[in-house]
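One structure follows; several queries about it will come next.
Chain identifiers are assigned alphabetically (A, B, ...) following the order of the sequence lines, protein sequences preceding nucleic acid strands; residue numbering begins at 1 within each chain.
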Amino acid sequence: MAVELKFSEYAQKEVEKILDRFANSKGSLIMILHAVQEKFGYLPREALELISERLKVPLSEIYGVVTFYSFFRLEPQGKHVIRLCMGTACYVKGAEDLLRTLEQMGLKEGKVTEDGFFSLDLVRCIGACSMAPALMIDDDVYGKLTPDKLRKLIENFRKEHQ
Amino acid sequence: MKKLTLEDLKKIKEKTQAELEMRSPEGKDKIVVHMGTCGIAAGARETLLAILDEIEKRGLKNVVVTQAGCIGLCEYEPLISVQKVGGPKVLYKYVTPEKARKIIAQHVVNGQVVSEDVLSTE
Amino acid sequence: MPERAHILLCAGAACISAGEESFKSALERELKEAGIYDEVKIIETGCFGTCDLGPVMAIYPEGTFYVKLKPQDAKEIVNEHLLKGRIVERLLVKEPEQKQALPTINDLPFFKNQVRIALRNVGFIDPLNIEEYIARDGYSALAKVLTQMSPEDVISEVKKSGLRGRGGAGFPTGLKWELGRKASGTEKYVVCNADEGDPGAFMDRSIMEGDPHSVIEGMLIGGYAIGAKKGFVYIRAEYPLAIKRLTSALEQARNYGLLGDNILGTDFSFDIEIRIGAGAFVCGEETALIASIEGKRGMPRPRPPFPVNSGLWGKPTVINNVETWANIPPIIINGADWFASYGTEKSKGTKVFALAGKINMTGLIEVPMGITLREVVYNIGGGIPNGKKFKAVQIGGPAGGCIPAEYLDTPIDYESITALGAIMGSGGLIVMDEDNCMVDVAKFFLSFTQDESCGKCVPCRVGTKRMLEILDKITKGEGTEEDLVELEQLAYTVRNTSLCGLGKGAPNPVLTTLKYFRDEYLAHIRDKKCPAKVCTALIHYEVIREECRKCSICFRNCPVGAIYKDEDGTYVIDQSKCTKCGICFQVCPFKAIKKE
């Protein structure tokens, strides 16, 4: 569902604002990328070009950084991001079953659902090992899941946030 | 606020220590909800909302609700601790919103510890 | 007409929830039946305060107090007490029977053996209120350092305490600080490594969420000791709550003048900035972490030079992890000897462990070094759930190893754990039971490190890939015994020749499982069997004909249509279509599907 958008003046201003905020902070490229991604849900090329100009860092180098870190996205994400933990504790307690459940519900790793509502990332430990198996929807952690509980969680989340 | 001096540091320490240990005369009953990532994942946020709601409904004035991190017993979360002025600190386990309401009615208002949900006391 | 009795019925919330209303309607019914409804007045009162005993009531004029009432008691009360004037003894409040005393927190085996130094405040104070931290001696270590100690004094105290880095490698903290202090240059940095990437470890998250000021104070003291004015906390993006709490703690500390210029009226100035990681495990390695703070790809570089001499932007930089920093203030307040009184000869103090996996008490504990794994798993952690058998405990994350039952009495200290082929690491303990396949676990870890390998050096980039391919073959039942030999050789090569800790440690899960669970590898290779029934290529599902009740639940849930009905209505799994997803096994209400 990639929509061709002109990088509007508004968006440009937002990126400028972020750049200003970090103007006095040495080596803050990654922090800037975080802020831009938080604003747009991903890193639009136009934003990266702007960052490159202002920081005087070649675009290729910025691209190198963006692709090195798994948190950064060059494509739009779903409205809500599910991060399924594949850390050890979750793995030994059945994270794979949760993944299968999500797949049955139409979610695919690294993909956005057709309605653009969810995207699914598999991540390394989210540090909720005592609640394994666990996942995050946006910034919230949900733990001690079973395939059944997960199904209900996803259904309820959809209803509540529709 | 102005910069702390050593003297200020000492004053804050004494004042807050008294409050923490429930020795201060204007003491209030205290409910602490343990809200680390694990507690929140286990439902601590819903528990907190139920507590605040119950306190408001009952118009309780002498209760403060604060949060703290995980005490390590993630297995029993959501955990809350309740300390009435002059009473022991009681740690409750698996505190669902319903249990939280009961704990307020029975323990906070009427001073009766809800023994079956207690994990430990001080 | 005057009533013959007044009944005070407690209608407090606890009594209502215990069934007061249904008792009340039963009572009214019985009163009507006995024809004395008009002679008795029922008054619903506020709480009596005996909520444990609810529902309760008192009958006046006698003042008889009845407790734990059930609807079926109403008849007896009406007939006996109200009509005949006889007290119903069994409903009276019992003599205070030897009430089971509630356990205190130190009665719980979980807490009994703990010594909380790094976790001293976690869970006990409001992390968003700096004054609660101050009340529990917070920032008094800083005050002591700034007014009574020279930087050299601080370093010598930390050295004397025997504190070693809690992030994994166990480098002596005091020595690191001394090197940092002696390094030439006026611009220096301290860094807090909060990129807690080891799966299974979450103590640093918990400390930052529950006691962020202890980390800030530790860094302030470190900054004073080595002569730095600036600190960075590098924290993983996966910890949004920790980031939030730490950010607000920094703000408060700044507002109170505990960060910034001329702290506590001295000429010491220091500030801290947060840098957020972006999902690269290798950034926990110190040289990669430095690159990442500088805004670059997080790739490690060869050492030396070590960061204490050439770190952030080429300046001397002291890096410690969250738990290490949190240990500093209590060491300063209580002294090195106090700290060193805990632990073993070479591993002083305490260590925080995260208990996870197949263990009853998942959570965080802090225990003196030297405690045995058995004490941790069984006494503190409460053993294995569901009556299953302990198989191994994985310690140290992806660079650690799996320790089997026969070594459970090993004391936990840096050297003993290393001797077993694992590492202390950041302290994640993941317990595995008989249902975990050790070959699969080794494969899991290797696919983790393989995925997280930054690709800079060949042994790690290519070696882990080749190892993973062999493991994959074995779990599919296609492995040979020669593969095991090659796997082992590769493992040693990768371990000895990789650039950084990620590659050096990557073979450990493979080597330890090969050492302690070789028979499981051989079962996969020789018998084409996965003893724990995990490796999907080596298991299959079947309907047990005699048990099948023909309910069709499996049929309806099978995602690939591999289940069909035979002539007599029993369901059968078509093995050629089955993807072994296990859903039929999970959903069958009669346990009529077996996994073999």
(request) Look up atom CZ in Phe111(C) and atom OG in Ser120(B), then write down how far apart they are to the nearest 0.5 Å. (result)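 Going from the CZ atom of Phe111(C) to the OG atom of Ser120(B) covers 7.0 Å.
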
(request) Against chain B, label Thr147(C) side chain, backbone, both or neither, depending on which of its atoms sit under 4.5 Å from a heavy atom there. (result) side chain

(message) Can you tell me how far apart NE2 (His34(B)) and CZ (Phe124(C)) are? Round to the nearest 0.5 Å.
(response)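 Taking NE2 in His34(B) and CZ in Phe124(C), the distance rounds to 7.5 Å.
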
(message) Distance check, rounded to the nearest 0.5 Å: Arg136(C) atom CZ versus Gln17(B) atom CD?
(response) 9.5 Å

(message) Using a 4.5 angstrom heavy-atom cutoff, name the option from Ile130(C), Ile365(C), Asn360(C) with the most pairs to chain B.
(response) Asn360(C)

(message) Can you give me the closest heavy-atom contact between Leu241(C) and Met35(B), atom names plus distance?
(response)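 Of all heavy-atom pairs spanning Leu241(C) and Met35(B), the closest is CD2-O, 3.8 Å.
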
(request) Look up atom CG in Asp126(C) and atom NZ in Lys30(B), then write down how far apart they are to the nearest 0.5 Å. (result)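 With rounding to 0.5 Å, CG (Asp126(C)) is 7.5 Å from NZ (Lys30(B)).
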
(request) Heavy-atom pairs under 4.5 Å with chain B are the metric here; pick the option from Gly363(C), Ser140(C), Gly210(C) that has the most. (result)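 Most heavy-atom pairs within the cutoff with chain B belong to Gly363(C).
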
(message) For the interface with chain B, which of Thr266(C), Leu355(C), Asp261(C) has the highest count of heavy-atom pairs at distances below 4.5 Å?
(response) Asp261(C)

(request) Drop me the distance from Ile125(C)'s CD1 to Thr16(B)'s OG1, to the nearest 0.5 angstrom. (result) 11.0 Å

(request) Heavy atoms only, distances under 4.5 angstrom: which of Cys70(B), Cys38(B), Gly36(B), Pro88(B) has the most pairs with chain C? Name it, please. (result)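 Highest number of pairs under 4.5 Å: Cys70(B).
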
(message) Can a donor-acceptor pair be found, under 3.5 Å and without considering hydrogens, that links the side chain of Glu209(C) to the backbone of Thr37(B)?
(response)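 The answer is yes, because a donor-acceptor pair under 3.5 Å joins these two groups.
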
(request) Grab the two heavy atoms, one from Leu108(C) and one from Leu73(B), that are nearest each other, plus how far apart they are. (result)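 Minimum heavy-atom separation between Leu108(C) and Leu73(B): CD1-CD1, 4.3 Å.
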
(request) Answer with side chain, backbone, both or neither: which region of Thr362(C) has an atom nearer than 4.5 Å to a non-hydrogen atom of chain B? (result) both

(request) Under 4.5 Å heavy-atom distance to chain B, tell me which part of Tyr239(C) shows up: side chain, backbone, both or neither. (result)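 For Tyr239(C), no heavy atom lies under 4.5 Å from chain B.
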
(request) Measure distances from Arg116(C) to the heavy atoms of chain B and classify the residue's part below 4.5 Å as side chain, backbone, both or neither. (result)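 Only the side chain of Arg116(C) comes within 4.5 Å of chain B.
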
(request) Flag yes if more than 12 heavy atoms outside Lys244(C) fall under 6.0 Å of its NZ atom; otherwise flag no. (result)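 Check fails, neighbour count at 12 or below.
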
(request) Specify the closest pair of heavy atoms between Gly69(B) and Pro127(C), including all atoms of both residues, with the distance to one decimal. (result) N-CD, 4.2 Å

(message) How close do Phe110(C) and Gly72(B) get, counting heavy atoms only, and between which atoms?
(response) CZ-O, 3.4 Å

(message) Rounded to the nearest 0.5 Å, what separates atom CD1 in Ile12(B) from atom OH in Tyr256(C)?
(response) 5.0 Å

(message) Quick check: closest heavy atoms across Leu9(B) and Ile134(C), and the distance to 0.1 Å?
(response)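 Answer, listing the atom of Leu9(B) first, then Ile134(C): O-CG2, 3.6 Å.
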
(message) Is Leu119(B) in contact with chain C via its backbone, its side chain, both, or neither, using a 4.5 Å heavy-atom distance?
(response)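 Both backbone and side chain.
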
(request) Please state whether the side chain, the backbone, both or neither of Lys89(B) comes within less than 4.5 Å of a heavy atom of chain C. (result) side chain

(request) Against chain B, work out which of Glu132(C), Met208(C), Met203(C), Glu366(C) has the most heavy-atom pairs shorter than 4.5 Å and name it. (result)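 Maximum pair count with chain B is reached by Glu132(C).
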
(request) Using a cut-off of 6.0 Å, state whether more than 12 heavy atoms not belonging to Glu116(B) lie near its atom CD. (result)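 Above 12, so yes.
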
(message) Is Leu146(C) close to chain B through its backbone or its side chain, or both, or neither, when contacts mean heavy atoms under 4.5 Å?
(response)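 Neither part; nothing is under 4.5 Å.
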
